[in-house]
Amino acid sequence: MTYSLNFISVELALVLGALLILMAAVFGAGRKTLGFAALATVMIAIFRLPATMPPGYPVFDGMLVSDTFGYGMRLFILLTVAMVVLMSLAYAWPQDEDMGEFYFFILVATVALNLAACAGNLAMVYLAVETLSIVSYVLAGYFKRDILSTEAGVKYFLFGALSTGLMLYGISLAYGLFGTLDMSFIGSRIAAGDAHGPALVVAAVLILAGLAFKASLVPFHMWVADVYEGAPWPVAAFLSVTSKALGFVLLARIFFSNAVVAVPFWSGVAPVIAILTMTIGNLAAFHQNSVKRMLAFSSVAQAGYIFAAMALGQAGLSTAFFYIAIYAFMNMGAFAAAAFLSPADAQLEAYRGLGRRAPVMAFLFSVFLLSLAGLPPLAGFMAKFFVISAAVEARDYILAGAVVLNSILGFFYYLKVIKAMYFDDETSVRECLVPWLGYLLVGGCAWGVIFLAIHPQAILDILALMFV
Amino acid sequence: MVNIAHFIPLFPFAAFWLNIIFGRRLGVASAYVAVGASAISAVLAWLVFQGLLSGGGSYTLTPWLTVNGHPITLGIIVDSLTVMMLLVVTVVGTLIQIYSIGYMGGDPRFSRYFAYISLFMSSMLGLVLVDNLFLLYICWEGVGLCSCLLVAFWYEKPAAAAAGIKAFITTRVGDTGLFLGILLLMSVGHSLRFSDMGVINAPEPLMALAALLIFMGAVGKSAQFPLHVWLPDAMEGPTAVSALIHAATMVAAGVYLVARCYPLFTAHPLALQTVAVIGAISAVMAASIACFANDIKKVLAYSTISQLGLMMLGLGAGGYTGGTFHLMTHAFFKALLFLGAGSVIHAVHTQDIRAMGGLFNKMKVTSLTFIIGALALAGVAPLSGFWSKDEILTAVWHHGNFGLFIAAVTTSFLTAFYMTRLILLAFFGEYRGAHKAHESPAVMTLPLVILAFFALFLGLIGSPWAHHAFQRFIAPAEGEVALDIGMAVASSVIALAGILTAFLLRGKFLEYKPGACPLIENKYYFDEIYDALFVRPFHWLAAAVARFDRERVDGVVNGISRCVQEIAQASRSLQTGLVENYLVAQAGGVFVLIVVLTLVGKLCHIF
Amino acid sequence: MISLGHFVALSTVLFCIGLFGVLTQRNAIRFLISIELILNAANINLVAFNRYLAPASAEGQVVSLFVIGVAAAASVVGLILIISIYRQRQSVFLDDFNLLKW
Amino acid sequence: MSYFLTAIIFLPLAGAAFIALIPAAQVRSIRLAAVAFNTAVLAAAAVVALHFNVSAGLQFLEDRVWIPQANIHYTLGVDGISLALVVLTALMGLLAALASGCITKRVKEYFIVYQVLMTGLLGTFLALDLVLFYIFWEAVLIPMFFLIGIWGGPRREYAAWKFFFYTLAGSVAMLLGILAVYFSVVPHTFNMIEIARSSSMMPIAAQMVFFLMFFIAFAIKVPVFPFHTWLPDAHVEAPTPVSVILAGVLLKMGTYGLMRICIPFFPAAAVLFAFPLAILGAVNLIYGAFAAFAQTDFKKMIAYSSVSHMGFVLLGVAALNATGFNGALLEMFNHGVITGAMFLLVGVIYDRAHTREISAFGGLASVMPRYAFFLTFMSLASLGLPGLSGFIGEFLAMAGAFFRFPSIAVISAIGLIALVALFLVIIRKVLWGKPAAHAGYPDMNAVEIAVMLPLAALTLAIGFYPQMILQFQTYAVNALVGLL
Amino acid sequence: MTEFVFYTIAVGLCAFALLSVTVGDVFHSAVWLTFTLLSVAGVYFLLGAPFIGVIQVLVYVGGIMTLFIFAIKLTANIGDARIRQFTRQLWPGAVLAAVLLAFLLAVIRANAWSARALPPVQGPDLKEIGTELLTRYLLPFEFISLLLLAALVGAIVIGKVKK
C-alpha cells in the first residue's frame with residue numbers, strides 16, 4: 001500500500017497545491033504570487049516523481065500501471081504544464097480574470113492527466129478523461145465576457161460530451177466482452193486471440209472515438225480550430241500540447257501497447273486516418289488569416305504526422321513519442337511567441353513588420369514555425385526524418401510520400417506568417433513588451449528546438465528506456 | 001637558333017596588353033609600341049628562316065592538356081610553310097601598321113586600334129606556329145575575334161557593328177565545322193599533330209568526313225563559296241584593317257590550314273575534289289560580282305575571294321606549291337591594292353569609283369603603285385602575280401579536270417577585266433569627285449612603294465631564273481619543277497585579253513544603268529537567301545521559345561499552385577462553424593469506421 | 001427467460017435514441033438530455049454485464065455509480081456554459097453559435 | 001581527424017553571430033566584418049587547396065557519430081570533385097560581399113542572412129553523409145528566400161515563393177531517395193563513399209527508381225529544361241550580389257549532386273539514362289540560348305544563358321567518360337566565375353541606369369571604357385572564345401559528349417553558334433552604337449574593378465593553363481569512371 | 001412473470017426516451033426524461049441491483065432533473081413549440097441512428113451474449129459493492145471527489161456575474 005501511496009504522491013502534491021491556491025485566491029492573493037505558487041506545486045510534483053521508481057509493482061491493485069512509459073509520460077506532462085503556467089504568468093490577460101481558479105483548474109487537469117497516463121483500468125481512463133474534459137470546457141470558456149470564448153467553451157462541451165459518451169458506451173461493451181475492465185487482462189485476452197468479432201470492433205471504434213477526439217485525428221478534429229481560436233492563448237497551448245499528447249498516450253496504451261497486440265486489422269485503417277489528418281490539417285490551414293486558427297490546424301496536421309508514426313505499429317511507437325517530445329517544444333514555443341507578439345488581435349495583419357518591432361521574439365517565432373514546417377537544421381526536421389525513415393523501413397511508401405508532400409504544404413502557410421513578419425512593412429507601431437518570464441519560456445523552447453536538432457540523443461535514450 | 005620561334009607571337013601580345021592598359025597615356029606612342037613589336041617579330045622570323053635553312057626543326061615546349069588519353073602538347077612547328085607565312089605576316093603587318101599611323105591619325109581611340117592590331121598579329125603568328133590542330137583552333141578564334149573587333153572599330157556606325165557581328169558569326173559557323181572535325185579526329189583516336197596527319201588509322205569515310213569538316217573551317221575563314229557573305233560587309237572597318245586582315249593574312253589562314261593538313265586531304269581524293277570545286281565556284285562567282293561592283297573596297301574584297309578561290313582550286317588540283325606560292329604573292333599585291341585604295345579614299349573621302357577619276361596626275365605615287373599592284377593581280381608577265389597564277393593554271397591543267405581549268409581561265413580573264421575597269425574609272429578620265437584630291441603623306445606612301453617593290457620582284461624567286469627556289473624550298477619532296485612555256489604564254493594572253501576588253505568597254509562603264517543584270521549585281525542574292533533561311537527564322541524561333549517558356553512551362557507551374565490553392569479553399573469551407581455539422585461528421589466517422597473495420601475483419605476472415 | 005441479449009438490446013436501442021437526439025436537437029439543453037440517455041444506456045450495459053457475466057464481483061455496478069456521479073458533474077458544467085452563452089446571445093440554438101468558423 | 005573543414009563551414013556562421021552583435025547603425029563596420037569573415041573563409045579554402053594531395057582521393061576527412069539510433073554520421077571530406085566548388089563558393093562569397101555596396105536597406109539583417117547562406121553552401125559541398133548533405137541542401141533555401149524576398153526587385157515575393165517551392169519539391173523527392181537508398185544498401189549506411197562502393201549490388205530496377213528520385217531534385221537545381229522557369233524570375237528579382245551567388249554557386253549544387261550521388265550510386269542506371277540526359281543537355285543548351293535571345297531584360301538574358309551553359313555541364317556528365325566529367329567539372333567552375341562576373345557587370349549598369357531594359361543602354365563603350373573592356377571580356381568568355389576559360393570547359397564537355405553520342409554533340413553545335421550570336425548582340429546593344437543622350441554614367445569605381453579583376457584574371461589564367469584546375473580533378477574523375 | 005415485467009419496462013423505457021427526444025416543448029421533453037430515468041431504475045431493480053436503482057432515482061431524478069428544470073426555466077423564452085426544434089441535419093441523423101441500431105442489433109445477435117441465461121449464483125449485493133468500492137476502486141472513489149469539486153468551482157467561475 002505504501003508503494004501505491006508513494007506512487008500517487010505526485011498527484012497528492014498537485015491536489016494539495018491546487019487547494020492551497022484556491023484558498024489563497026479567496027484571501028485575495030495577487031496574480032503573480034498565485035502563478036508562482038502553481039509553478040512551485042508543479043516543481044514539487046516533479047521532485048516527487050523519482051520516488052515512484054522502481055517500476056513494475058501493481059498500484060492500487062491494477063487501477064494504475066507503474067512502468068517506465070508511464071513515468072516518462074508523467075514527466076512530459078508535468079514539464080509541459082510547467083510551461084503552460086509560465087506562459088499564463090507572462091501572458092497579458094485582457095480582463096483581470098480570477099487567476100486563482102485558473103491555476104486550480106490547470107492543476108486539477110494535471111492530476112487527471114497523470115492518472116490517465118498511468119491508468120491500468122478502463123474505468124480509471126474514463127474518469128480521468130472526463131475530469132480533464134470538464135476542466136478543459138471551463139478553461140476554454142474562461143473569458144466570460146468575450147463571446148468567442150464562451151462559444152468555444154460550449155462547442156468544446158457539446159463535442160466532448162458526445163465523444164466521452166461514445167467512449168463510455170465502448171467501455172461498457174468492452175466490459176461485456178471481457179468481463180473485466182482491467183486493461184492488462186483485456187490485452188492478454190486479445191493477444192490470445194479470442195473474443196475477436198464485430199462486437200470487439202464496435203467497442204474498439206467507440207473507445208477510439210473518445211481518444212481520437214482528444215488527439216484531434218480526422219473524423220474528430222472539427223472542434224479544434226473553433227475552440228483554439230476562442231480559448232485564451234495559454235489554454236490553447238495547453239490543449240494543443242498536453243491534452244493532445246494524452247490522447248496519443250491512451251491510444252498507445254489501449255491499442256498499441258505491447259500487452260495488447262495491435263488489433264490485427266488495425267494496420268489497414270490507421271495509415272488512412274493519419275494521411276487524412278495531415279492533409280486536411282494542412283489544407284485547412286492554407287488560407288487562414290488568423291494566426292491562432294492557423295496554428296490550430298497546424299497542430300491537427302502535426303497530430304497526423306504523429307499518428308502516421310503510430311500507424312506503423314509497434315515499431316513506430318518510439319518514433320511517435322520522439323515526435324511528440326519535439327512537438328511539445330515547437331508548438332508550446334510557437335503558441336507562446338504568437339501570444340506574446342500580439343496578445344489581443346490574432347489576425348495576420350497584426351503580425352506585419354514585427355521583424356523590426358520585436359526582432360528577438362519574431363526571430364524565435366520564425367524558428368518555431370520553421371521547425372514545425374520541418375526545415376532541416378531544426379529539431380522539427382529530425383522528428384519528421386525519423387517518421388519518414390520508419391515509414392520507408394516498413395515499406396509503407398504511400399505513407400512516407402504523404403508525410404513528405406504534406407511537409408511541402410506545411411511550408412506554405414508557415415512561410416506566410418514569416419513573410420508577413422519580415423517582408424511586409426508594419427501597419428501599427430504598437431510596441432510589444434514581453435516580461436522576462438516570457439523570454440525565459442520562449443528562449444527555453446527555442447533552446448530545446450535547436451539543441452534537440454543537434455543532439456537528439458537526450459530524448460532517444462529516455463525513449464529507449466520507455467519502450468524497452 | 002630555331003627554338004626562339006615561340007617568342008615571335010609574345011611580343012605583339014605584350015604590345016596588346018601595354019596598349020590596352022596604358023593606351024590613353026601612351027597616345028601616339030602606342031603606335032610605335034605596336035610597330036616596334038611587330039618589327040622585332042619580323043627580325044625574329046628572319047632569324048628563324050635562317051635557322052631553318054641551317055637545319056632547325058619543330059620542337060615541343062610543355063604538355064598542355066590531356067583529352068581522352070591524347071596528350072595535347074604546346075609544340076612549335078618550324079618548316080618552310082610556317083616560315084613563309086611568318087615572313088609574310090610580319091613584313092606585311094609591319095608595313096600596314098606604319099601605314100595606319102597616317103591613316104588612323106586623328107582617331108579618338110587610336111591606342112585601342114593598335115592594341116587590337118597587335119592582338120591580331122600575335123594570334124595570327126601563333127596560328128602559324130603551333131604544331132597541333134587544337135591550339136590552331138584557339139588562335140583561329142583569336143584571329144576571328146580581332147577581325148570582328150576591328151571591323152566594328154567605328155562602332156558608332158550601326159553598319160560597322162552589324163558587319164563585325166556578321167563576320168564573327170559566319171566565321172564561327174565555319175569554325176564549328178572545324179571544331180567538330182577536331183572532335184571527330186580525337187574520337188577516332190587520330191593524333192591532332194600536323195606531323196602525323198598522313199597516318200591513316202581509321203575507316204575511310206570517317207577520315208574523309210574529318211577532312212571535309214576541317215575544310216569547312218577554312219571555307220568560313222577564307223570566305224569561300226557558301227560562307228563568303230561576311231567579307232564584302234567587312235569593308236566597313238578601316239581600310240588598313242581590310243588590307244591586313246581581309247586581304248593578306250587572316251583570310252589566307254584557311255588556305256594555310258588546307259596546306260598544313262594537305263596529307264589528310266590527299267589521302268582522300270573526294271575531300272581534295274571538293275576543295276577544288278568550292279575554290280573554282282567561289283573564284284568564278286566572286287570575279288563576276290567584282291565586275292559590277294562600284295565601291296572600290298568591295299571590288300577588292302570580291303577579288304580577294306576570287307583569288308583565294310583560285311588558291312583553293314590550285315591546292316585542290318594537287319598544285320601544293322602553286323597554291324602556297326600564290327598565297328604569298330597575293331598577300332603582298334593585295335595589301336598594296338588595299339593600302340592604295342585607302343590612300344585614295346583618304347584623299348577623296350568617298351569609296352564610289354564612279355565619283356573618282358583622273359586621280360593619276362593628282363596622286364602620282366598612289367596611282368603608280370596601285371597600277372603595279374593591279375597588273376600583278378591580273379597576272380601580267382614579269383610581275384609576281386603572273387608566276388604564281390601560272391603555277392596554279394599548270395597544276396589545274398595537269399590535274400586533267402577540264403571544267404576546273406575553264407573556271408581558272410575565266411577567273412583570270414575576269415580578274416584582268418575588273419582591275420582594268422577599276423583603274424580606268426578611278427585614275428583616268430576627268431575628276432568627278434567634290435573633294436580636292438591630294439597625295440597622302442609620306443608615312444602612307446612609303447609602305448606603298450615597298451609593297452610595290454615586292455609585287456614587282458617577289459614572283460621571281462619562283463621563276464626559272466631563280467630555278468624555282470621557292471618551289472624547292474616550300475616542297476622539297478616534290479622534285480624538279482619545269483616551267484610550262486605553253487601555259488605561261490596562254491595565261492599572259494588571257495590577262496592581256498581581259499585588259500583589252502576592259503579598255504574597249506571603258507566608254508560604257510559610266511553610263512551603265514544598274515539593273516541590267518540583276519543576278520550578279522545583287523551578289524546572287526546570297527544575303528537575302530541567308531537572311532530568309534537563317535536570320536529571320538532564328539529571331540522567330542527565339543521569340544517562339546521565349547513565349548513558350550513564359551506561357552506553357554510557367555503556366556504549368558502556376559497552374560499547380562493555383563489548383564492547390566483551390567483545393568485548400570474548398571477544404572476550408574468544410575469548417576462551417578455549425579456544431580451540428582461537426583457532430584454528424586463525427587458520428588458518421590464512427591459509423592464508417594465500424595463498417596469498414598468489420599468488413600476488413602470479415603474479408604481477412606479474422607473472425 | 002430473460003437473457004443477457006435482451007438487456008443489451010434494450011441498452012443499444014436507448015443508445016441509438018440518445019445518438020439520434022444528439023444529432024438532431026437544435027436546442028442545447030435537449031442535446032444534454034440526449035447525452036443523459038446515452039450515459040444511462042451505458043449504465044444499463046454495465047449493470048447487466050455485471051449481473052450476467054461476472055456476478056461474483058460488483059465491478060460493473062461500482063463503475064455505474066461513478067458514471068452517475070460524472071454525469072452529474074458534466075451536466076452542471078454543461079448547463080452553466082449554456083446559460084452563460086444564453087446571457088450573451090439570448091439563444092441556445094446550436095446553429096446560432098457560428099461566430100467561430102472558416 | 002582535423003577540424004579544418006568544420007572550421008570552414010561554420011566560420012561564416014560565426015561571422016553571422018558576430019555581425020548580430022554589431023549595432024545596426026554602424027553600417028560600415030558591418031560590411032567590414034562581413035568582408036573580413038569571407039576573406040578568412042577564402043583563405044581557409046586556399047589552404048585546403050594548397051595542402052590538397054593531387055593524387056589521392058578523399059582528404060581532410062572528419063567522421064563523427066551524430067545520431068547512433070538513426071545511424072547518421074557527421075562526415076566531411078573534400079576530393080577532386082568538390083575542391084574546385086568549395087574554392088569557387090568562398091571566392092564568389094567574398095566578391096559578392098564586396099559587391100553588396102548597393103544594399104542600403106536593413107544592411108545588418110542582410111549580412112546575417114548572407115553568412116547563413118554561405119554556411120549552407122559550403123556545407124553542401126563538403127558533406128559526405130547523405131543526411132548531412134540534405135540538411136545543408138535545405139538550409140540554403142530559407143536564406144535565399146529572405147535575400148530575394150526582402151531585398152529583391154518589384155516582383156520579389158513571387159520570385160522568392162517560386163524559388164522556394166520549386167527547390168523544396170525537388171529536395172523532398174531527394175529525401176525519399178536518401179531513405180530508400182539507406183534501406184536498400186546492406187549494411188545500412190548514409191556514408192556516400194560506402195554506398196558508392198557497394199552500389200553495384202542494387203538491382204537495376206531499384207537503381208533506376210532511386211536515380212530518378214535524386215535526379216528530380218538535382219534537375220530543378222541545375223536547372224534542366226522543364227524545371228528551369230524559376231531561374232529567370234529569381235535572377236531578375238534578386239539583388240546583384242545575391243544573383244551572383246545564385247548563378248555562381250547555387251546552380252552548381254545540382255550538377256555537383258549529379259556527379260557525387262547520381263552517377264556513383266547508380267552506375268547501371270546512369271548508363272541507361274545517359275542518352276536521355278544528353279538529350280536534356282542539348283535541349284538545355286539550345287533552348288536556353290534561343291530563349292535568352294528574345295529577352296528584353298538584360299539580367300534575364302544572362303539568366304537564360306546560364307541555363308544554356310548548364311546544358312554543357314549536362315552533356316559532360318551524360319558522356320560518362322573521363323573527358324566528359326573533366327569538362328563538366330571545369331565548366332561548372334568557369335560558369336561560376338564568368339556568369340558571376342556578368343551579373344556583377346549587370347549590377348554595375350543597374351546601379352547607374354536603374355533599369356535593366358537592354359534597349360535603354362547603347363554606346364556605353366565611349367562613355368565607360370573600363371566597363372566596356374570588362375563586359376566584352378566576360379561576354380567573350382561566356383560565348384566560349386578559345387583562349388579563355390569558358391572554351392576549355394565547353395570543349396571538354398562537348399568532346400566527351402561527342403565520343404559517346406556524336407549525333408547529339410553535332411546538334412548541340414547549333415547551341416554554340418546561338419550562344420555566340422547572343423553575346424555578340426549583347427555587346428552590340430549595350431556597348432556599340434551611338435551613346436544615348438542621358439548616358440553620362442560614371443565609369444566603374446575602384447571597388448567594382450577590384451571585384452572584377454580577380455575574376456578576369458582567373459578566366460584568362462584557366463584559359464591559358466587549364467591544368468591549374470584539371471590536375472585536382474583527374475584522380476577523382478578516374479575513380480568515378482572506374483565505378484561505371 | 002419476470003418476462004412480462006421486463007417487457008413492460010422495456011417498452012415504457014423506449015417510448016419515454018423517444019418522446020423526450022421528439023416532443024416539441026423542452027419542458028415536456030424534460031418530464032419525459034424523468035420517466036425514462038425512472039424506468040431505467042426499474043431495469044436496475046429487475047437486474048437485482050436495488051442499490052443502483054435507488055441511487056439512480058436519488059441522484060438522477062432528484063439532482064440532475066432539478067438542474068435541468070432550473071436551466072429550462074432560466075432560458076425561458078425558448079419553450080414554445082413553434083420554434084423549429086430539429087436541426088437541418090434531421091434526416092441524416094435519423095437515418096444514421098437507425099442504420100447504426102440495425103447494425104448493432106445484428107452484432108449482438110451474432111455475439112455470444114444473446115444466449116447467456118441468468119447464472120444460478122446470486123448477484124452482487126450491497127456488501128460486495130462496498131468492498132469493491134473501498135478495495136479495487138479506492139482511487140476512483142477518492143478521485144471523483146476532486147472531479148465534483150472541480151465541476152463545482154467551474155460552475156461558480158462561469159456562472160457568477162461580475163458586479
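In this text, all values refer to a predicted model and were calculated from it rather than measured experimentally. Just so we're on the same page: letters track the sequence lines, and every chain starts at 1.
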Between [X] and chain D, which part of the residue has a heavy atom less than 4.5 Å away: side chain, backbone, both or neither?
{"X": "A:Leu415", "answer": "both"}
{"X": "A:Phe386", "answer": "side chain"}
{"X": "A:Ala453", "answer": "backbone"}
{"X": "A:Gln457", "answer": "side chain"}

Nearest-0.5 Å distance, [atom1] of residue [X] to [atom2] of residue [Y]:
{"X": "A:Leu370", "Y": "D:Ile142", "atom1": "CG", "atom2": "CD1", "answer": "4.5 Å"}
{"X": "D:Phe183", "Y": "A:Arg395", "atom1": "CZ", "atom2": "CZ", "answer": "8.5 Å"}
{"X": "A:Phe411", "Y": "D:Leu141", "atom1": "CZ", "atom2": "CG", "answer": "7.5 Å"}
{"X": "A:Ser389", "Y": "D:Ile72", "atom1": "OG", "atom2": "CD1", "answer": "7.5 Å"}
{"X": "D:Ile150", "Y": "A:Tyr422", "atom1": "CD1", "atom2": "OH", "answer": "8.0 Å"}

Practice item. Kindly indicate whether the side chain of A:Val392, heavy atoms from C-beta on, has any atom under 4.5 Å from the side chain of D:Tyr182. Key: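 A side-chain contact under 4.5 Å is absent here.
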Inspect the surroundings of [atom1] in [X] and state if more than 12 heavy atoms from other residues, nucleotides or ligands are less than 6.0 Å away.
{"X": "A:Ile398", "atom1": "CD1", "value": "no"}
{"X": "D:Phe18", "atom1": "CZ", "value": "no"}
{"X": "A:Phe363", "atom1": "CZ", "value": "no"}

Looking only at heavy atoms, which of [range] get nearer than 4.5 Å to chain A?
{"range": "residues 105-133 of chain D", "result": "D:Arg106, D:Glu109, D:Val131"}
{"range": "residues 206-215 of chain D", "result": "none"}
{"range": "residues 159-177 of chain D", "result": "D:Trp161, D:Phe164, D:Phe165, D:Leu168, D:Ala169, D:Val172, D:Leu175, D:Leu176"}

Show every donor-acceptor pair shorter than 3.5 Å between a side-chain atom in residues 319-328 of chain A and any protein atom, with sequence neighbours excluded, or say none if there are none.
from: A:Tyr323; atom 1: OH; to: A:Gln302; atom 2: OE1; distance (Å): 2.4
from: A:Tyr327; atom 1: OH; to: A:Ser240; atom 2: O; distance (Å): 3.0
from: A:Tyr327; atom 1: OH; to: A:Asn331; atom 2: ND2; distance (Å): 2.8

Practice item. Search all heavy atoms of D:Ile67 against all heavy atoms of A:Pro456 and return the closest pair with its distance. Key: CD1-CG, 3.4 Å
Check your understanding: Given the side-chain rings of A:Phe381 and D:Tyr134, with only the six-membered ring counted for Trp, is the space between their centroids under 6.0 Å?
Key ->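 Centroid separation for A:Phe381 and D:Tyr134: below 6.0 Å.
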Practice item. Measure D:Ile178 against the heavy atoms of chain A and call it side chain, backbone, both or neither at under 4.5 Å. Key: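 Neither part, no heavy atoms under 4.5 Å.
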Exercise for review: Tell me, for D:Phe136 versus chain A, whether the close heavy atoms (under 4.5 Å) come from the side chain, the backbone, both or neither.
Suggested key: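 Looking at D:Phe136, nothing touches chain A.
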Review point. Between A:Val403, A:Asp461, A:Ile388, which residue shows the highest count of heavy-atom pairs closer than 4.5 Å to chain D?
Key: A:Ile388
